[in-house]
Amino acid sequence: MIKMQLLLVHSLGFDWKVTEKAISNPESSKTAKMEYSTTDSSLVVFISVEKNDVPDISTVISNACDEIVSALKDIGESNLIVYPWVHLAKTQPAKPDAALSALKNIETSLRSNHPDLSIVRAPFGYYKGFNLNCKGHALAERSKEILGQSGAKTVEASAEVTTALDAEETARSTFHVLTMDGKMEPFDKFNYKGLKELELFIKYETDKDRTVSTPPLHVDVMKNLELVDYEEGSDPGNFRILPRGYVVKRLIEDHVNNMAAQYGAMIVETPLMYSYDHQSLKKYIERFPARQYVVKSGNRNHFLRFAACFGQFLTMSDAIISYRQLPLKIFEMAKSFRREQRGELAGLRRLRAFTMPDLHTATSDIQMAQKEFEEQFLLAFQYMSDIEINIETAFRMTTAFYEENKDWIVSLVKILNKPILLELFETRYAYFILKFEFNVVDTQKKAAALSTVQIDVENSERFDIQYIDSEGKEVYPLLMHCSLSGSTERVIYGIIEDQLKRSQRGSKPQFPLWLSPAQIRILPVSEDYLEFTDKIAQKLEQNRIRVEIDDRDLSLGKKIRAAEKLWTPIIIVAGEKELKEGKVSVRYRFNNSQEFQALEDVIEYVQAQTKDKPTYFRVFPKLVSHQPIFTRVV
RNA sequence: GCCGCUGUGGCUUAGUUGGUAGAGCGACAGACUUGUAAUCUGUUGGCCGUGGGUUCAAGUCCCACCAGCGGCUCCA
């Protein structure tokens with residue numbers, strides 16, 4: 001359990017001078033002090049950051065700061081010199097950028113919490129000569145090892161982390177385009193004519209340069225439509241969902257729930273937090289770099305789940321499963337948490353708290369797994385069509401798997417009716433041998449994965465999940481991970497971005513009718529027709545249509561404008577003419593048309609468009625004058 | 001996490017070399033009673049992201065922090 005090493009020396013005067021670069025990419029010489037000299041007495045702290053510190057770096061840093069501050073206090077010193085000294089490392093040192101970042105963090109953390117200290121940091125990545133003059137009193141020299149939280153991670157475990165990461169780093173992938181007729185071509189030789197989106201997707205996947213000129217457009221939209229907003233009172237990447245957004249989110253999730261239930265999945269709910277000390281979890285979580293929120297319960301540490309795998313695998317592990325019950329499917333709408341790096345967060349594309357529909361399937365063998373893979377693939381494809389998103393597909397698998405199952409893969413591509421990105425890797429670096437993703441390409445030409453299905457060959461053993469086969473023997477099943485729709489938040493992002501792309505081509509952006517917060521907004525021509533519009537609303541509501549009435553004392557033009565700004569799919573205008581003739585004036589967004597028709601025709605249209613889709617309540621006031629303004633405009 | 005950019009009423013924003021914070025939209029009040037993307041008049045509303053500092057004086061200069069965006073890295 002060896003961690004960050006500190007050597008603290010109380011010195012009368014200290015100086016250093018850089019001699020030459022020690023690594024290829026040292027700290028910039030513009031900002032660093034290449035030379036330094038003082039005659040004042042100072043506490044010199046030599047530090048080495050070890051690879052084992054990295055998964056738990058924030059705790060290590062804070063503990064190191066506490067050590068340093070307490071040492072300063074003991075000797076009554078306020079001058080501090082932070083000096084990187086890799087030779088102290090007892091295990092493998094951290095990578096240079098991680099180590100530099102840790103040192104900078106120690107420096108800034110001390111600076112902000114202890115403004116009375118005078119702090120100097122020696123530059124990182126250079127050979128330096130230095131002069132030290134130890135004061136020689138009882139507390140003048142000491143060394144410390146800094147531990148992370150609760151000692152949860154052992155050296156052996158960290159070694160495992162290292163192995164997994166290294167495997168990933170060295171794994172070689174090749175990228176190809178696979179067409180409907182089974183032709184495979186290197187991605188950079190393929191002719192993308194008529195396949196702009198696929199080209200953009202593959203470019204995003206394979207290109208290093210991802211420079212963007214425009215900001216993410218969906219952020220403005222999500223606010224203007226009053227769906228979702230940032231929450232400054234929380235951690236970054238934790239959003240607030242507003243009532244109109246709740247309707248959308250709820251419907252997106254209900255639809256996945258229904259799909260999973262009809263597919264024959266058992267629906268469960270499992271805990272949000274798990275102990276670091278549980279054997280199976282320990283093995284699983286240590287495969288990955290620390291990106292967890294940590295929750296203290298008494299003196300035990302828990303992490304917030306980053307997927308539903310834990311709860312569902314533990315549930316399967318405790319169950320008595322017969323081969324007769326396979327394939328065994330368990331589904332959960334799983335609120336999940338990933339403490340992504342600060343700079344990786346981007347609107348609704350990448351969050352720290354999100355909702356992931358997570359389906360796990362235990363299968364007896366690869367044939368059964370492939371059969372379920374295909375079914376889940378079809379369901380996910382259906383879902384993408386239901387949210388009216390254009391998707392680009394990636395299949396990723398080992399070369400061996402592709403060789404054996406080429407025809408089957410091509411048959412799936414035929415269903416999509418367009419070419420896909422095929423990634424092949426010689427050696428399996430992750431837990432899966434096969435996966436596909438449906439990706440959306442946004443207005444910034446960035447791609448994000450929505451649906452995915454993966455065949456997992458590692459975790460049944462790790463979680464000790466077994467079924468009894470026909471001969472009474474205990475067998476590890478093949479597990480499958482599936483997210484039918486992708487995270488709810490990302491679905492909202494995908495819909496908005498995809499619609500914005502369409503609007504850039506000249507059509508009006510809109511939500512699928514079944515997902516629109518208000519499907520119809522009724523505009524009385526003047527106050528005199530409020531009673532009339534209320535009757536219309538009642539009739540629509542009897543048919544489970546979400547409707548609101550703009551009863552504000554505004555000009556009709558202004559009310560139209562307000563309704564259009566909210567992407568309202570259907571606007572009904574009602575006044576003298578309508579009252580007399582018993583019909584309504586209807587403005588359809590999808591084709592920009594105006595009709596004068598019977599209310600029944602409108603109802604029929606909505607019902608036809610939303611057939612087989614879930615419905616939900618309007619969870620905001622019917623009268624626009626009763627709706628507080630959160631973030632919408634006009 | 002690192003680097004860079006940004007941060008002025010609910011929203012969009014003006015603010016010169018440091019010298020008393022302006023506007024439009026919205027909201028509120030009144031007038032008007034409106035026929036398919038912004039009716040008129042008036043009123044309200046600002047710890048200029050937060051905390052330090054420099055200065056006689058800070059929205060403006062300096063430092064730190066917070067938040068958002070972009071890049072790197074990452075994406076179980």
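The sequence lines fix the lettering, A, B, ..., with proteins before strands; numbering per chain opens at 1.
At most 12 non-hydrogen atoms from other residues, nucleotides or ligands lie less than 6.0 angstrom from NZ of A:Lys445.
Annotation: B:U20 and B:U60 have their C1' atoms spaced 15 Å apart (nearest Å). A distance of about 47 Å separates the C1' atoms of B:U16 and B:U33, rounded to the whole Å. The separation of B:U50 from B:A67, taken at their P atoms, amounts to 15 Å, rounded to a whole angstrom. Look at the P atom in both B:G30 and B:U13: the space between them is 33 Å, to the nearest Å. B:A23 and B:G9: their C1' atoms are spaced 12 Å apart (whole Å). Distance check on atom C1': B:C47 versus B:U36 gives 45 Å, rounded to whole Å. Rounded to the nearest Å, the gap between the P atom of B:U41 and that of B:C56 is 47 Å. Spacing between B:C75 and B:G15 at atom P, rounded to whole Å, works out to 44 Å.
Rounded to an integer number of Å, the gap from OH of A:Tyr204 to P of B:C74 is 12 Å. Computed from coordinates, the A:Lys559 NZ to B:U36 P distance equals 13 Å when rounded to whole Å. Atoms NZ (A:Lys223) and P (B:U12) sit 7 Å apart, rounded to a whole Å. Atom pair A:Asn224:CG and B:C25:P shows a separation of 18 Å (rounding to whole Å applied). The distance between atom CZ of A:Arg339 and atom C1' of B:U73, rounded to the nearest whole Å, is 15 Å. The distance from atom CG of A:Asn439 to atom P of B:C75 is 15 Å, rounded to the nearest whole Å. Here B:C75 presents its P atom at 11 Å from CZ of A:Arg338, a figure rounded to the nearest Å. Between the CZ atom of A:Phe124 and the C1' atom of B:C2 there is a distance of 13 Å, rounded to whole Å.
You'll find a donor-acceptor pair under 3.5 Å spanning the side chain of A:Arg350 and the base of B:C74, going by distance alone. Judged by atom type and distance alone, A:Glu578 reaches the base of B:G35 through a side-chain donor-acceptor pair under 3.5 Å. If you check distances only, the side chain of A:Ser555 never reaches the base of B:U33 with a donor-acceptor pair under 3.5 Å.
A:Tyr230 has a side-chain polar atom (N or O) that falls below the 4.0 Å cut-off from OP1 or OP2 of B:C69. Taking 4.0 angstrom as the limit, A:Asn105 places a side-chain polar atom (N or O) nearer than this to OP1 or OP2 of B:C2. The side chain of A:Lys558 contributes no N or O atom lying less than 4.0 Å from OP1 or OP2 of B:U36. Contact annotation: A:Gln444 side-chain N/O to B:G70 OP1/OP2 distance is under 4.0 Å.
Here B:A37 is the nucleotide among B:A27, B:A37, B:A76 with the atom lying nearest to any side-chain atom of A:Glu564. Nearest nucleotide to the A:Pro216 side chain, out of B:C69, B:U33, B:G35: B:C69. Considering only the side chain of A:Val573, B:G35 comes nearest among B:G35, B:A27, B:C74. Checked against B:U33, B:G35, B:U73, the side chain of A:Val525 finds its nearest nucleotide in B:G35. For A:Lys104, taking side-chain heavy atoms from C-beta onward, the closest of the listed nucleotides B:A67, B:C3, B:A27 is B:C3. When the nucleotides B:U33, B:A76, B:G35 are ranked by their closest atom to the side chain of A:Ser585, B:G35 comes out on top. The nucleotide whose nearest atom lies closest to any side-chain atom of A:Glu344 is, among B:A76, B:C74, B:A38, B:C74.
A salt bridge links A:Glu458 with A:Arg428: at least one charged nitrogen is closer than 4.0 Å to a carboxylate oxygen. With respect to A:Glu581 and A:Lys577, no salt bridge is recorded, no charged nitrogen being found less than 4.0 Å from a carboxylate O. No salt bridge links A:Arg352 with A:Glu340; every basic N to acidic carboxylate O contact stays at or beyond 4.0 Å.
Across the interface with RNA chain B, nearest-nucleotide mapping of A:Ala102 and A:Gly557 shows A:Ala102 to be the residue nearer the 5′ end. For the pair A:Val633 and A:Arg587, nearest-nucleotide mapping onto RNA chain B gives the more 5' position to A:Val633.
Residue A:Gly575 is classed as a base contact, given a heavy-atom separation below 4.0 Å to a base. Here A:Ala346 lies in heavy-atom contact (under 4.0 Å) with sugar-phosphate atoms only. Among the atoms of the strands shown, base atoms are found under 4.0 Å from some heavy atom of A:Lys508. Base contact: A:Ile560 has a heavy atom under 4.0 Å from a base atom. Contact annotation for A:Thr631: no contact, since no heavy-atom pair falls under 4.0 Å across all strands. Among the heavy atoms of the strands lying under 4.0 Å from A:Lys577 is at least one base atom, whether or not backbone atoms are also near.
Side chains of A:Thr361 and A:Gln376: a donor on one and an acceptor on the other come within 3.5 Å. Looking only at atom types and distance, the side chain of A:Gln504 has no donor-acceptor partner in the side chain of A:Thr443 under 3.5 Å away.
A cation-pi contact, defined as under 6.0 Å to the ring centre and within 45° of the axis, is absent between A:Arg396 and A:Phe432.
Ring centroids of A:Phe463 and A:His278 are separated by 6.0 Å or more, keeping the two rings apart. If you look at A:Phe303 and A:Phe310, their ring centroids are closer than 6.0 Å.
Pair assignment for B:U36 gives none, since no Watson-Crick or G-U wobble pairing has each distance under 3.5 Å. Nucleotide B:G45 forms a pair with no other nucleotide shown, judged by Watson-Crick or G-U wobble geometry with both contacts under 3.5 Å. Applying the Watson-Crick and G-U wobble criteria (two distances, each under 3.5 Å), B:C2 pairs with B:G71.
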